[in-house]
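What follows is a short report on a single structure.
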Amino acid sequence: MDTKSLPSLFNDPGHYVKAFKVFCARSAKFRTYSDWVDGVFSEPVVGKLQATVDGREELRVLGVGSGSGEMDCAMLEKLKRRFPRINNRVVEPSCELLGQYKALAQSKAHELQGVECDFRQQKLEQYEKAGDATKFHFISAVHCMYHLDDYDSSLEYLYNCLIPGGAILVIHLSENSGLCRYRERFPCFQPSDHNYSTSADIRSSLDRRGIPYTQHPYPVRLDITKCFDQASEEGGLLVDFLTNVLNYRKTAPEDMQRTVMECLGSSLCSESKNDGIYLNMDWDAIVISKPQH
Ligand SMILES: C[S@@+](CC[C@H](N)C(=O)[O-])C[C@H]1O[C@@H](n2cnc3c(N)ncnc32)[C@H](O)[C@@H]1O
């Protein structure tokens, strides 16, 4: 399928933000994060750290590709209940997102009392190159491994940044998700600066190195019902987000539109229930632990 002549969504940052907002709302992105932190996070992460880290010690945390910080702040609030003093270093290249993270942390100053933040506007690769020797008790990389130059070597680097007894949380799209299947079917829509690794790739990188981990699958659905309503502006924005094409409905040839929508709506990618169509975006939380000895 020839998509080269189609205008990229990334050429219009304002339109991208609108499309991203629809995606966040229709996938309940941030509610999913807080539900996950409330439900799953405690046992494999907080429990593990508690068993190996002295609670009187300052907990050193590293957030990689933290974006606007919703997930990180939710995790920090949970960690704070067990570890009253936390040093939270954040490595995030986007100035805009880092600004949003700072504002969010500021608005949660009361809940995050005892958390000292150290924001670095950098890519992980730049941070690594700078050669800081700090070791961390807990490192998180939530939906950001797709953006790294070489996730395999970055994983090894992050593992080396852990103290013995520490843990890394990687959240990554499952290889069984409908979104992965859609991307496999239409690689032409994917930007070249992303690697479309799946949770299976992360696990095989760890297996090859004999690094222990546990995996915690989590179901996530994106309501794409409106994508099938030609009159819906919201649906149009969501289609733009999924194809990375600006005004897809106006710019893509009709047969291309049909093929893509057929795939998105099919049981390969989505499930239909209660008059709605839901794209499967299941992710896996992979908790990597570094043995103490
Ligand atoms: C899909 S967003 C995820 C943001 C946040 N963790 C969340 O789940 O809401 C990916 C994040 O990775 C960041 N990123 C991109 N390239 C990166 C790199 N080389 N090193 C670290 N972070 C990177 C982006 O700026 C963005 O904030």
Side-chain angles (χ1 to χ4, degrees), residues 9-10 13 16-17 19-37 40-41 45 61-78 88-105 108 117-132 136 138-159 161 168-174 177 179-180 183 190-199 202 216 218 220 222 241-242 244 281-287:
L9 177 62
F10 303 107
Y16 175 85
V17 169
F20 180 63
K21 279 191 179 149
V22 176
F23 169 77
C24 290
R26 290 283 152 194
S27 60
K29 178 173 156 89
F30 298 126
R31 200 189 66 223
T32 304
Y33 280 168
S34 67
D35 287 352
W36 187 83
V37 172
V40 188
F41 184 62
V45 181
V61 172
L62 174 66
V64 181
S66 304
S68 41
E70 285 81 358
M71 179 66 156
D72 285 32
C73 286
M75 292 192 288
L76 288 165
E77 282 182 50
K78 271 270 149 121
N88 176 44
R89 184 170 295 177
V90 179
V91 174
E92 163 57 58
S94 160
C95 177
E96 194 186 338
L97 293 175
L98 208 54
Q100 290 174 21
Y101 189 152
K102 286 178 189 169
L104 180 66
K108 288 180 175 282
C117 290
D118 169 10
F119 293 104
R120 312 273 174 111
Q121 194 204 328
Q122 274 178 325
K123 290 183 170 192
L124 180 64
E125 295 83 350
Q126 294 167 320
Y127 177 81
E128 177 177 357
K129 218 167 174 188
D132 190 298
F136 298 90
F138 175 57
I139 299 174
S140 68
V142 177
H143 286 308
C144 82
M145 289 279 168
Y146 326 103
H147 301 265
L148 303 182
D149 294 344
D150 179 351
Y151 67 85
D152 185 61
S153 70
S154 289
L155 264 177
E156 183 171 33
Y157 167 67
L158 291 175
Y159 191 69
C161 291
I168 304 177
L169 167 69
V170 175
I171 289 188
H172 213 79
L173 201 59
S174 159
S177 65
L179 186 55
C180 272
R183 285 175 175 167
Q190 310 314 325
S192 54
D193 61 346
H194 286 38
N195 67 70
Y196 282 91
S197 54
T198 67
S199 158
I202 303 290
H216 311 267
Y218 203 68
V220 181
L222 170 68
F241 189 80
L242 291 169
N244 295 312
M281 298 205 314
D282 290 358
W283 44 253
D284 291 318
I286 300 174
V287 180

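In what follows, every heavy atom counts, from backbone to side chain, and hydrogens, waters and symmetry copies are set aside. Every number for a ligand or one of its atoms is a count from 1 in the order of the listing.
- Within ligand 1, counting atoms from 1 as listed, the ones closer than 4.0 Å to a heavy atom of S66 are 5 (C), 6 (N).
- Between S197 and H172, the closest heavy-atom pair is OG-NE2, 2.9 Å.
- Protein heavy atom nearest atom 7 (C) of ligand 1, with residue, atom name and distance: Y33 OH, 3.4 Å.
- In summary, the atoms of ligand 1 found under 4.0 Å from a heavy atom of H143, numbered by their order in the structure, are 1 (C), 2 (S), 3 (C), 10 (C).
- Residue V142 has at least one heavy-atom neighbour below 4.0 Å for each of these atoms of ligand 1: 3 (C), 5 (C), 6 (N), 8 (O).
- Residue L97 approaches ligand 1 through these ligand atoms, each under 4.0 Å from one of its heavy atoms: 27 (O).
- At distances below 3.5 Å, not a single donor-acceptor pair connects side-chain atoms of E92 with backbone N or O atoms of L98.
- Taking the ring centroids of H194 and Y196, they lie under the 6.0 Å cut-off.
- At a 3.5 angstrom cut-off on N or O pairs, L124 counts as close to ligand 1.
- Ligand 1 lies nowhere less than 4.0 angstrom from a heavy atom belonging to M71.
- Annotation: E92 places an N or O atom under 3.5 Å from an N or O atom of ligand 1; distance criterion only.
- Residue-ligand proximity, C144 to ligand 1, at heavy-atom distances under 4.0 Å covers atoms 12 (O).
- Heavy-atom proximity to E125, at under 4.0 Å, picks out these atoms of ligand 1: 18 (C), 19 (N), 20 (N).
- Closest to atom 4 (C) of ligand 1, if we only count protein heavy atoms, is G65 O, 3.5 Å.
- For the atom pair CG of L169 and CZ of F138, the computed distance is 5.0 Å after rounding to the nearest 0.5 Å.
- The nearest protein atom to atom 17 (C) of ligand 1, hydrogens excluded, is given as P93 CG, 3.7 Å; this is a heavy-atom distance.
- Contact record, V61 with L76: CG1-CD2, 4.4 Å, taken as the closest heavy-atom pair.
- Closest approach of S174 and T198 over heavy atoms only: C-CB, 4.4 Å.
- Applying the 4.0 Å criterion to heavy atoms of L148 picks out, from ligand 1, the atoms 18 (C), 19 (N), 20 (N).
- Checking only distances, F30 never comes within under 3.5 Å of ligand 1, N or O to N or O.
- Across C180 and L173, no two heavy atoms sit closer than the pair SG-CD2, 3.6 Å.
- Pairing each heavy atom of V64 with each of L158, the nearest pair is CG2-CD2, 4.1 Å.
- In this structure, F20 and C24 have side chains that are in contact, with non-hydrogen atoms separated by less than 4.5 Å.
- The closest approach between any non-hydrogen atom of Y146 and ligand 1 is not below 4.0 Å.
- When the shell of 6.0 Å around CD of E96 is examined, it contains 12 or fewer heavy atoms from other residues, nucleotides or ligands.
- Summary of contacts: the protein heavy atom closest to atom 16 (N) of ligand 1 is H147 CB, 3.3 Å.
- The atoms of ligand 1 that sit less than 4.0 Å from any heavy atom of K29 are 7 (C), 8 (O), 9 (O).
- Look at D132 and R89 and you find a salt bridge, because one of the NZ, NE, NH1 or NH2 atoms lies within 4.0 Å of a carboxylate O, short of that distance.
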